[in-house]
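Throughout, residue positions are numbered sequentially from 1 according to the sequence presented. If you're wondering where the values come from, they're calculated on a predicted model, not measured in any experiment.
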Amino acid sequence: MADDRRIDPAWPVPDYVEHLLEVATEEIGYTEDHGRSKYGAWAGDPAAQWCAEFLCWCVDQVDQRWGTSLLRNVYPFYTSSNTGRNFFVRNGRYVVRKGKVDGWGYQWLKGQDTFIKSGDYVPQPGDWVFFNWGGGTDTEHVALVEYCTEDRPGGTVTVHVIEGNNPSAVARNTYELNSPSILGYGTVREVADTTMVFGNQGEKVRQLQERLAYLGFLRADLVTGRFTDSTTEALRAYQEARGLRVIGVANRETQQLLEEEYNRTYQNDPNIWSVVDDD
C-alpha cells in the first residue's frame with residue numbers, strides 16, 4: 001500500500017467532515033470491555049454490536065465540540081440494521097454499489113446516461129459505507145470513509161475507513177472498491193438520482209413533485225414528499241405530454257427531461273427576478 005496514490009476528493013471536503021475524521025481518529029485503539037462499549041452505552045445498550053453507535057457517537061461529539069447540528073440532519077442516529085441506510089435514501093444521499101436500491105429502483109450518477117455499476121462511484125471523505133457479508137441486502141456493518149487510493153492510474157481502488165466493532169475495537173481498515181460485501185454509500189453530497197415508484201418517501205420525491213407542480217402537472221398542496229396516486233397521475237400526464245412512455249414511474253428518461261425543462265423554465269421565469277433600485 002505504500003506505493004498507492006491517494007485519490008483527491010472530487011469535491012471540497014467540508015469542515016464538519018474534517019472534524020468528524022479528527023474525532024474518529026482519536027478513538028482508534030479503543031477496545032470494548034467484555035462485550036460492552038461506551039458507544040453502545042451512549043446509544044442505550046452497552047452490549048450492542050456497536051459499529052453504527054460508534055459513528056453516531058462521533059457525529060454527536062462534533063456537534064458538542066463545534067456547535068454543529070449534524071446528528072439526525074446530515075447523518076443518522078440509529079442502532080438497527082437498515083435505519084441508517086434508509087435515512088440516506090430518504091434524504092437523496094445514497095449511492096448503491098450496483099443494482100437497485102431496495103424498494104426504489106436503479107440509480108444513475110448525476111449527468112450520466114447509464115445506470116450505476118460497481119466501481120462507478122469513488123466514495124468521498126465523510127461518506128458512510130454499508131456492508132453485508134453474506135450476499136444479502138440488509139446492512140450488517142457500517143464504516144466511515146477516510147480516503148481512497150489507487151495502485152496505478154485506472155487501477156485497483158482501495159477504500160480506507162475507520163470503523164467500530166472490528167471485531168471488538170475501533171480500527172482502520174481497507175476494502176476494495178468493488179468488494180461484493182459493499183452494498184453502497186451514505187454520501188456527504190447528493191451525487192446520484194434514483195428511479196422512484198409508488199410508495200417511496202423522502203427528499204427525492206419532494207424534488208420530483210416540486211418540478212411537476214412548477215410545470216403545472218401537480219397541485220402545490222400535493223407536494224408532500226410521499227409518492228401517492230396523485231404523483232403517479234401527474235407523472236403519467238407529463239409523460240404523455242412529452243412523448244415519453246406513459247408508465248407513472250419516475251424513470252431515468254422522465255427525471256432527466258423533467259429536470260432539464262424545470263431548470264430552463266425556472267431560469268427564464270421573470271417572476272423569480274426582483275428589481276433592485278440602485279438609488
Side-chain angles (χ1 to χ4, degrees), residues 1-30 39 51-52 54-78 84-85 87-97 107 109-112 116 118-131 141-164 166 170-179 182-193 203-204:
M1 304 289 281
D3 294 331
D4 287 1
R5 182 187 73 86
R6 187 176 295 209
I7 300 173
D8 292 332
W11 298 275
V13 178
D15 289 343
Y16 68 79
V17 168
E18 298 283 8
H19 298 326
L20 179 58
L21 292 172
E22 179 181 336
V23 170
T25 300
E26 291 172 358
E27 296 300 304
I28 292 174
Y30 172 90
Y39 314 111
C51 56
F54 163 66
L55 293 189
C56 296
W57 180 91
C58 289
V59 174
D60 183 62
Q61 287 293 302
V62 175
D63 285 345
Q64 291 187 47
R65 297 186 197 181
W66 285 278
T68 53
S69 299
L70 304 176
L71 196 61
R72 297 183 176 88
N73 293 308
V74 176
Y75 293 107
F77 171 76
Y78 78 106
R85 179 194 62 188
F87 169 91
F88 285 107
V89 172
R90 287 194 310 273
N91 284 278
R93 292 187 289 110
Y94 181 76
V95 177
V96 69
R97 183 178 64 85
Q107 287 189 315
L109 293 175
K110 285 184 174 294
Q112 301 296 314
I116 289 173
S118 186
D120 282 351
Y121 177 69
V122 176
Q124 303 292 289
D127 287 356
W128 289 14
V129 193
F130 293 96
F131 299 86
H141 185 61
V142 63
L144 172 66
V145 175
E146 193 172 15
Y147 59 91
C148 292
T149 58
E150 60 181 356
D151 59 358
R152 64 188 185 282
T156 300
V157 174
T158 300
V159 184
H160 298 249
V161 303
I162 302 173
E163 58 189 4
N166 174 20
V170 177
R172 285 189 166 98
N173 203 354
T174 59
Y175 299 91
E176 284 195 14
L177 181 65
N178 293 321
S179 168
I182 295 177
L183 294 174
Y185 308 95
T187 61
V188 172
R189 288 178 168 79
E190 183 181 346
V191 298
D193 288 317
E203 183 58 29
K204 286 288 192 186

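- Note on Glu203 versus Arg93: no salt bridge recorded, every NZ/NE/NH1/NH2 to OD/OE distance being 4.0 Å or above.
- Nearest approach of Ala24 to Leu144, heavy atoms of both residues: CB-CD2, 3.8 Å.
- Judged purely by atom type and a 3.5 angstrom limit, Asp127 has no side-chain atom pairing as donor or acceptor with the backbone of Val145.
- Tyr147 carries Arg6 over the face of its six-membered ring, with the cationic atom under 6.0 Å from the centre and within 45° of the normal.
- Using a 4.5 Å cut-off on side-chain heavy atoms (C-beta onward), Pro14 and Val188 make contact.
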Validation: residues 15-22 side-chain donor-acceptor distances under 3.5 Å, sequence neighbours left out:
none

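- Although no hydrogens or angles enter the test, the distance criterion places no donor-acceptor pair under 3.5 Å between the side chain of Asp120 and the main chain of Ile116.
- Looking at His160 and Thr158, their side chains come closer than 4.5 Å, going by heavy atoms from C-beta outward.
- For Tyr175 and Phe131, the ring centers are positioned less than 6.0 Å apart.
- Legend: residues meeting side-chain contact (heavy atoms from CB on, under 4.5 Å) with Asn166, ordered by chain and number and at least two apart, are Glu163, Ala171, Asn173.
- Put simply, OG1 on Thr156 and CG on Asp151 are 4.5 Å apart, with the number rounded to the nearest 0.5 Å.
- Side chain of Gln107 to backbone of Tyr94: a donor-acceptor contact under 3.5 angstrom is found.
- No side-chain heavy atom of Gln124 sits under 4.5 Å from any side-chain heavy atom of Arg189.
- When all heavy atoms are compared, the tightest approach of Cys51 to Gly164 is CB-O, 3.7 Å.
- Pairs engaging residues 62-75 under the salt bridge (charged side-chain N to carboxylate O under 4.0 Å, His left out) rule: Glu26-Arg65 [sequence neighbours left out].
- Here the side chains of Val170 and Ile28 are in contact, with some heavy-atom distance below 4.5 Å.
- Side-chain contact between Glu176 and Ile182 is absent, with no heavy-atom pair separated by less than 4.5 Å.
- Using cut-offs of 30° and 60° for the angle between ring planes, the Tyr75 and Trp128 rings count as parallel.
- Contact of the Arg97 side chain with the Leu183 side chain is not registered, since no non-hydrogen atoms from C-beta on lie closer than 4.5 Å.
- Between Pro123 and Leu177, the closest side-chain pair of non-hydrogen atoms falls below 4.5 Å.
- Aromatic ring centres of Tyr185 and Tyr121: separated by under 6.0 Å.
- Of the residues listed (Tyr30, Tyr78, Tyr39), the one engaging Trp57 in a ring-ring contact (aromatic ring centres under 6.0 Å, His included) is Tyr39, and it is the only one.
- Considering all non-hydrogen atoms of both residues, Pro76 and Cys56 come closest at O-SG, 3.2 Å.
- Using a 4.5 Å heavy-atom cutoff, the side chains of Val157 and Glu150 are in contact.
- In this structure, CZ in Phe77 is found 15.0 Å from CG in Leu70, a value given to the nearest 0.5 Å.
- A pairwise comparison of heavy atoms in Asn178 and Ser118 identifies OD1-OG, 2.8 Å as the closest pair.
- In this structure, Phe88 and Gly186 approach most closely via the heavy-atom pair CG-CA, 3.4 Å.
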